[in-house]
Trainee: 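This is the structure, below, for whatever I ask next.
Just so we're on the same page: letters track the sequence lines, and every chain starts at 1.
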There are 2 protein chains.
Amino acid sequence: MQNRVLLVEDDDELRELLARYLSGQGFTVREAANGKDGLALALGQHCDIVVLDIMLPDINGLEVLRELRSQTHLPVVLLTARGDETDRIVGFEVGADDYIPKPCNPRELVARLQAILRRVAWDQKSEVKAEQRYGDLRIEADHRRIYQNDEALDLTATEYEILQVLLAHAGSVVRKTDLMQWALGRRLEAFDRTLDMHISNLRKKLGSDDSPRIETVRGLGYSYRVSE
Amino acid sequence: MQNRVLLVEDDDELRELLARYLSGQGFTVREAANGKDGLALALGQHCDIVVLDIMLPDINGLEVLRELRSQTHLPVVLLTARGDETDRIVGFEVGADDYIPKPCNPRELVARLQAILRRVAWDQKSEVKAEQRYGDLRIEADHRRIYQNDEALDLTATEYEILQVLLAHAGSVVRKTDLMQWALGRRLEAFDRTLDMHISNLRKKLGSDDSPRIETVRGLGYSYRVSE
DNA sequence: AGCTCCTTTACAGAACCTTTACATGACATT
DNA sequence: AATGTCATGTAAAGGTTCTGTAAAGGAGCT
């Protein structure tokens, strides 16, 4: 099966060039010439990895990435003018998987894409299902709802995200920095108690069992207790 | 707790510099000055990611990577002289996760390391639980818990780290300076009794057998006794 | 305005790491 | 063996950091 790349780049010439090369290397290529289209295509879920130019005519690439990260973990490689160190660091912090300076060597681009895809393929074993169960909880991803014994929990958008991440990793500890990045889409800064508050509220809504479903792992993060 | 980096770099000065910076950024740092030591440490399973210089005095870094890849999927970031494009491509093809040209900006190194670790942490949600056994002890890495005869030990974060390191080296002596660096993430200074205290507490929690499980090797360090 | 939701502030309490202090034990030298 | 020195064991105190949560603030929407 071929890997599907989404190329978001406003320079027609460069985009065509890369598209051709990637095709030749066995990728299925989709193209977008601006941020809006790119975002729409990326969210359409029909690609495996995104190559995203930072400099775009409409929305800034970093903005696109931020938006993307608030909804998915789709791998993203940033593309931008050489030497712009600030963009680079910010890009990683917003959640990019890699960064390549322009003009880039196509072979290197392919090598980097494959390095990331390889990593993803190794680790990713189970596909996301529309409906998943964790004990008495049931996620309906389409409706962004979580049911407890068939009764819908009244969660806010953020609470849903957090609980969904915790459930996806049920039984394992999710670090606060990761939880922040994955559910809130931003970096955990010092003295930011937002996450703690959401956890506190979530615990209330999940009801009080004998032992808390969301366990605190001091100094690290939280973990959803797997029921036996 | 902290992410653990293995730094394989023969230039003492650069290695020290990076080690210090990474420590400051919340990483626990392990160091190796040549390929042989690096390989041994990496295979020892006690780090989350490897920063590997290609130019090494004994084994070529690429060779180390190849060897490593034949056994694990541990994330590896290559480090080498700028502009050496062949190495770069080959590196990716052998299975590197990223590549950074020297001299590198430490901030960028950290950003890249975190980008990879983020992705790995996310994808590993479905990973098969790695369980390690040492006599009646069992480590569950996901929970960061250690069980003794199926009963979870109530360890603090630091105690977990220390015991985990000792177990990983079960049967051989771990120097106090190494234990400090690996488990506490900082250098052992004179008159610092922190480690001794943790060991003391650990021994209490491990229960009193006839002979202590954690043996003292005077003037050197500690060693977890292998059960027969 | 009113409502919802996210975030910040503030404080209390808990968990934990580190330091201090003294006791004990090991090793070397006499 | 006796002595001195240094490493180690551990109780207790100290202080720092982390966490839980109520309450207030603020942003966005209707």
Trainee: Are A:K204 and D:dT21 close enough that a side-chain N or O sits under 4.0 Å from OP1 or OP2?
Mentor: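 Negative; the distance criterion is not met.
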Trainee: What is the distance, to the nearest angstrom, from the CE atom on B:M197 to the P atom on C:dT19?
Mentor: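 Interatomic distance, CE of B:M197 to P of C:dT19: 12 Å.
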Trainee: Please give, in whole Å, the distance from D:dT21 P to A:L202 CG?
Mentor: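 Rounding to the nearest Å, CG of A:L202 and P of D:dT21 are 12 Å apart.
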Trainee: Applying a 4.0 Å non-hydrogen cut-off, can you work out what A:D192 is touching in the nucleic acid: base, sugar-phosphate, or nothing?
Mentor: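 Sugar-phosphate, no base atom in range.
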Trainee: Determine to 10° how strongly the helix from C:dA1-D:dT30 to C:dT30-D:dA1 is bent, judged from the axes of its five-pair ends.
Mentor: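 End-to-end axis angle: 30°.
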Trainee: Just how far, in rounded Å, is C1' of D:dG9 from CD1 of B:I214?
Mentor: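 For the pair B:I214 CD1 and D:dG9 C1', the rounded distance is 13 Å.
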Trainee: Mind jotting down which residue pairs meet the ring-ring contact (aromatic ring centres under 6.0 Å, His included) criterion with at least one end in residues 170-189 of chain B? Sequence neighbours excluded, please.
Mentor: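 Matches after skipping sequence neighbours: B:H169-B:W182.
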Trainee: Which residues pass the salt bridge (charged side-chain N to carboxylate O under 4.0 Å, His left out) test with A:E161, sequence neighbours left out?
Mentor: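 So A:E161 forms a salt bridge (charged side-chain N to carboxylate O under 4.0 Å, His left out) with A:R144.
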Trainee: Grab the N/O contacts between the protein and nucleotides 4-8 of chain D below 3.5 Å, and write none if there aren't any.
Mentor:
{"from": "D:dC6", "atom 1": "O2", "to": "B:R218", "atom 2": "NH2", "distance (Å)": "3.2"}
{"from": "D:dA7", "atom 1": "O4'", "to": "B:R218", "atom 2": "NH2", "distance (Å)": "3.1"}
{"from": "D:dT8", "atom 1": "OP1", "to": "B:G219", "atom 2": "N", "distance (Å)": "2.9"}
{"from": "D:dT8", "atom 1": "OP2", "to": "B:K176", "atom 2": "NZ", "distance (Å)": "2.9"}

Trainee: In whole angstroms, how far is the P atom of D:dC18 from the CZ atom of A:F191?
Mentor: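 Interatomic distance, CZ of A:F191 to P of D:dC18: 9 Å.
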Trainee: Write down the atom of B:I162, the atom of B:A183, and the distance for their closest heavy-atom approach.
Mentor: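 What the structure gives for the nearest pair is CG1-CB, 3.6 Å.
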Trainee: Could you list the residues that satisfy salt bridge (charged side-chain N to carboxylate O under 4.0 Å, His left out) with B:K205, not counting sequence neighbours?
Mentor: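 Per chain and number, B:K205 pairs via salt bridge (charged side-chain N to carboxylate O under 4.0 Å, His left out) with B:E159.
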Trainee: Can you list the residues that meet the side chain to side chain contact (heavy atoms under 4.5 Å, CB included) rule with B:L188, with sequence neighbours excluded?
Mentor: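 By the side chain to side chain contact (heavy atoms under 4.5 Å, CB included) rule, B:L188 matches B:K176, B:T177, B:M180, B:D192.
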Trainee: Return the value, rounded to whole Å, for the distance between atom CD of B:E189 and atom P of C:dT19.
Mentor: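 Going from CD in B:E189 over to P in C:dT19 covers 10 Å.
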Trainee: Can you measure B:I162 atom CD1 to C:dT18 atom C1' for me and round it to whole angstrom units?
Mentor: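 Going from CD1 in B:I162 over to C1' in C:dT18 covers 12 Å.
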Trainee: Can you name the salt bridge (charged side-chain N to carboxylate O under 4.0 Å, His left out) partners of A:D97, sequence neighbours left out?
Mentor: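 Counting only residues at least two positions away or on another chain, A:D97 forms a salt bridge (charged side-chain N to carboxylate O under 4.0 Å, His left out) with A:R69, B:R119.
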Trainee: Output one line per pair: protein atom, nucleotide atom from nucleotides 2-6 of chain C, and distance, for all N/O pairs under 3.5 Å.
Mentor:
{"from": "C:dC6", "atom 1": "OP1", "to": "A:T156", "atom 2": "OG1", "distance (Å)": "3.3"}
{"from": "C:dC6", "atom 1": "OP1", "to": "A:T158", "atom 2": "N", "distance (Å)": "3.0"}
{"from": "C:dC6", "atom 1": "OP1", "to": "A:T158", "atom 2": "OG1", "distance (Å)": "2.6"}
{"from": "C:dC6", "atom 1": "OP2", "to": "A:T156", "atom 2": "OG1", "distance (Å)": "2.6"}

Trainee: Any ring-ring contact (aromatic ring centres under 6.0 Å, His included) involving residues 143-163 of chain B? Give me the pairs, sequence neighbours left out, ordered by first then second residue.
Mentor: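 Sorted pair list comes back empty.
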Trainee: Under the ring pair (Phe, Tyr, Trp, His ring centres under 6.0 Å) rule, collect the residues that match up with B:H198, sequence neighbours excluded.
Mentor: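 Once residues adjacent in sequence are excluded, B:H198 has no partner under the ring pair (Phe, Tyr, Trp, His ring centres under 6.0 Å) criterion.
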Trainee: Under the salt bridge (charged side-chain N to carboxylate O under 4.0 Å, His left out) rule, collect the residues that match up with B:R203, sequence neighbours excluded.
Mentor: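 Residues passing salt bridge (charged side-chain N to carboxylate O under 4.0 Å, His left out) with B:R203: none at all.
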Trainee: Can I get a per-line list of side-chain donor-acceptor pairs under 3.5 Å for residues 6-17 of chain B, giving both atom names and the distance, sequence neighbours left out?
Mentor:
{"from": "B:E9", "atom 1": "OE2", "to": "B:D11", "atom 2": "N", "distance (Å)": "2.9"}
{"from": "B:D11", "atom 1": "OD1", "to": "B:E13", "atom 2": "N", "distance (Å)": "2.9"}
{"from": "B:D11", "atom 1": "OD1", "to": "B:L14", "atom 2": "N", "distance (Å)": "3.2"}
{"from": "B:D12", "atom 1": "OD1", "to": "B:R15", "atom 2": "NH1", "distance (Å)": "3.1"}
{"from": "B:D12", "atom 1": "OD1", "to": "B:R15", "atom 2": "NH2", "distance (Å)": "3.4"}
{"from": "B:R15", "atom 1": "NE", "to": "B:E31", "atom 2": "OE1", "distance (Å)": "3.0"}
{"from": "B:R15", "atom 1": "NH1", "to": "B:E9", "atom 2": "O", "distance (Å)": "2.9"}
{"from": "B:E16", "atom 1": "OE1", "to": "B:R187", "atom 2": "NH2", "distance (Å)": "3.1"}

Trainee: Pick out which of B:V174, B:V165, B:T216 makes a side chain to side chain contact (heavy atoms under 4.5 Å, CB included) with B:Y222.
Mentor: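 When side chain to side chain contact (heavy atoms under 4.5 Å, CB included) is applied between B:Y222 and each of B:V174, B:V165, B:T216, only B:T216 qualifies.
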